[in-house]
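Contents: one structure, followed by commentary.
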Amino acid sequence: MTEAPGPASPTGLAGLPPVIFVTGTDTGVGKTITTAALATALPGTVSVYKPAQTGVGDGEPGDADEVDRLSGVATVSEGIRLLEPMAPVAAAARQDAALPPLADHVRHIKQLAAVSDHVLVEGAGGLLVELDGEGRTLADLAARVGNSGVVVVCRSGLGTLNHTLLTLEAIKARNLTAAGLVIGSWPRKPNAVEEDNLRYLQNLDAPFLGAIPQDAAALDPARFQAGAGDWFRLR
């Protein structure tokens, strides 16, 4: 098992707000595995919501199903499922489907928050990917829900610093809270660039929460759940 770096200071996840939006600096950075790890490690009851799932057909396992499999949380749901592996607006247009209005997502998240200690909302792609037909994004959804924070999942390698800083700047410009940074896949043998990136990310204003080992998704659920706290240095 790869040893993943923990946070720069051992604050763990205690300071995270009740509603946590999980976004990425890009697609494929490890949002789903991070969501599953957070769902496992957070104290109390946790619900998970995926407003828009693309690239998956009916009956096929999507991101929410993977979170359910790995974390074992009781409540996992999707807003809409679309076949094409594209951004939600483009995928919906391809199959002539209507995307849910932002108000539907807000309503569902607030319903989950009323019965859960934490709600994790996993975005599609990055913070500014549109979720409806009117140009509204995950950032707009976070602003409407309130009492929330954004966890940014970033890469370990070359290019991640610019992508991460741009995402943090967008969060700040919209008066949202950057609740923390997570490296979505920490390599077994990090190179010099990755080690330097880690040190930089650990010293930004946004709390560095931890990193997920690159082989975490291959673990069986019991081992995944046993290890998740260590990735955030909770045990």
Side-chain angles (χ1 to χ4, degrees), residues 19-36 38 47-69 76-110 112 119-145 148-155 157-160 162-176 178 181-185 212 217:
V19 181
I20 302 161
F21 290 84
V22 181
T23 192
T25 55
D26 196 359
T27 188
V29 297
K31 291 190 305 295
T32 299
I33 198 73
T34 298
T35 301
L38 287 170
S47 296
V48 178
Y49 180 52
K50 178 86 175 181
Q53 169 71 70
T54 65
V56 179
D58 291 339
E60 297 177 345
D63 293 343
D65 299 295
E66 180 71 350
V67 172
D68 184 25
R69 181 185 74 83
V76 179
S77 53
E78 290 178 358
I80 188 171
R81 173 172 287 209
L82 300 162
L83 181 61
E84 295 295 332
M86 308 167 72
V89 170
R94 289 273 181 166
Q95 62 188 74
D96 197 25
L99 290 168
L102 213 64
D104 286 2
H105 298 309
V106 172
R107 188 179 305 112
H108 186 67
I109 292 167
K110 289 186 174 181
L112 294 175
V119 180
L120 293 169
V121 183
E122 183 190 344
L127 183 70
L128 302 184
V129 170
E130 296 179 12
L131 292 177
D132 65 9
E134 298 182 25
R136 299 187 181 97
T137 66
L138 189 73
D140 296 310
L141 180 57
R144 288 202 179 188
V145 168
S148 64
V150 182
V151 168
V152 179
V153 183
C154 45
R155 300 187 190 277
L158 195 64
T160 193
N162 184 58
H163 295 160
T164 301
L165 291 172
L166 285 171
T167 302
L168 291 174
E169 186 173 296
I171 290 170
K172 183 177 181 180
R174 287 158 178 78
N175 294 314
L176 302 175
L181 302 174
V182 177
I183 295 177
S185 180
I212 314 299

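These figures come from a predicted structure and were not determined experimentally.
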*For I109 and V19, run side-chain contact (heavy atoms from CB on, under 4.5 Å): C-alpha distance rounded to whole Å, both residues' side-chain angles, the deciding distance at 0.1 Å, then the answer.*
CA-CA 8 Å; I109 292 167; V19 181; 4.0 Å; yes
_Can you list everything that forms a salt bridge (charged side-chain N to carboxylate O under 4.0 Å, His left out) with E66? Sequence neighbours excluded, please._
R69
*Give the C-alpha distance, both sets of side-chain angles, the deciding distance and a yes or no for side-chain contact (heavy atoms from CB on, under 4.5 Å) between T25 and V152.*
CA-CA 7 Å; T25 55; V152 179; 3.7 Å; yes
For residues 167-174, which side-chain donor-acceptor pairs fall under 3.5 Å, sequence neighbours excluded?
| residue | atom | partner | partner atom | Å |
| --- | --- | --- | --- | --- |
| T167 | OG1 | H163 | O | 2.9 |
| R174 | NH1 | A170 | O | 3.2 |

*Looking at CG of D132 and CG of D140, how far apart are the two atoms once the value is rounded to the nearest 0.5 Å?*
8.0 Å
*Is D26 salt-bridged to R155, cutoff N-O under 4.0 Å?*
yes
*For the residue pair T23 and G125, what are the closest heavy atoms and their distance?*
OG1-O, 3.9 Å
*Any side-chain heavy-atom pair from L141 and V145 closer than 4.5 angstrom?*
yes
*When rounded to the nearest 0.5 angstrom, what is the spacing between CZ in R94 and CG in D96?*
13.0 Å
*asked:* How close do T164 and C154 get, counting heavy atoms only, and between which atoms?
replied: OG1-CB, 3.3 Å
*Hey, mind stepping through T34 and L38 against side-chain contact (heavy atoms from CB on, under 4.5 Å) and telling me if it holds?*
CA-CA 6 Å; T34 298; L38 287 170; 4.0 Å; yes
*Given the rule in the side-chain contact (heavy atoms from CB on, under 4.5 Å) test, do I212 and V182 qualify, once you have shown the distances and angles that lead to the verdict?*
CA-CA 8 Å; I212 314 299; V182 177; 4.0 Å; yes
*Do you know which two heavy atoms are closest between R81 and P61, and how far apart they sit?*
NH2-C, 4.5 Å
*Do V121 and V22 touch side chain to side chain, with heavy atoms closer than 4.5 Å?*
no
*Nearest 0.5 Å, what's the CG-CD distance between L99 and E134?*
10.5 Å
*Looking at I33 and G184, what are the two nearest heavy atoms and their distance?*
CG2-O, 3.7 Å
Scan the side chains in residues 48-57 for donor-acceptor partners under 3.5 Å anywhere in the protein, sequence neighbours excluded, and list what turns up.
| residue | atom | partner | partner atom | Å |
| --- | --- | --- | --- | --- |
| Y49 | OH | H105 | ND1 | 2.7 |
| K50 | NZ | D63 | OD2 | 2.9 |
| K50 | NZ | E122 | OE2 | 3.1 |
| K50 | NZ | G123 | O | 2.9 |
| Q53 | OE1 | D63 | N | 2.7 |
| T54 | OG1 | M86 | O | 2.9 |

*Within a reach of under 6.0 Å around CG of L166, are more than 12 heavy atoms found that belong to other residues, nucleotides or ligands?*
yes
*Return the minimal non-hydrogen interatomic distance between P88 and L82, and the atom names on each side.*
O-CD1, 3.6 Å
*Exam field: side chain Q95 to backbone L83, donor-acceptor pair closer than 3.5 Å*: yes
*At what distance, to the nearest 0.5 angstrom, does CG of L176 lie from CG of L127?*
7.0 Å
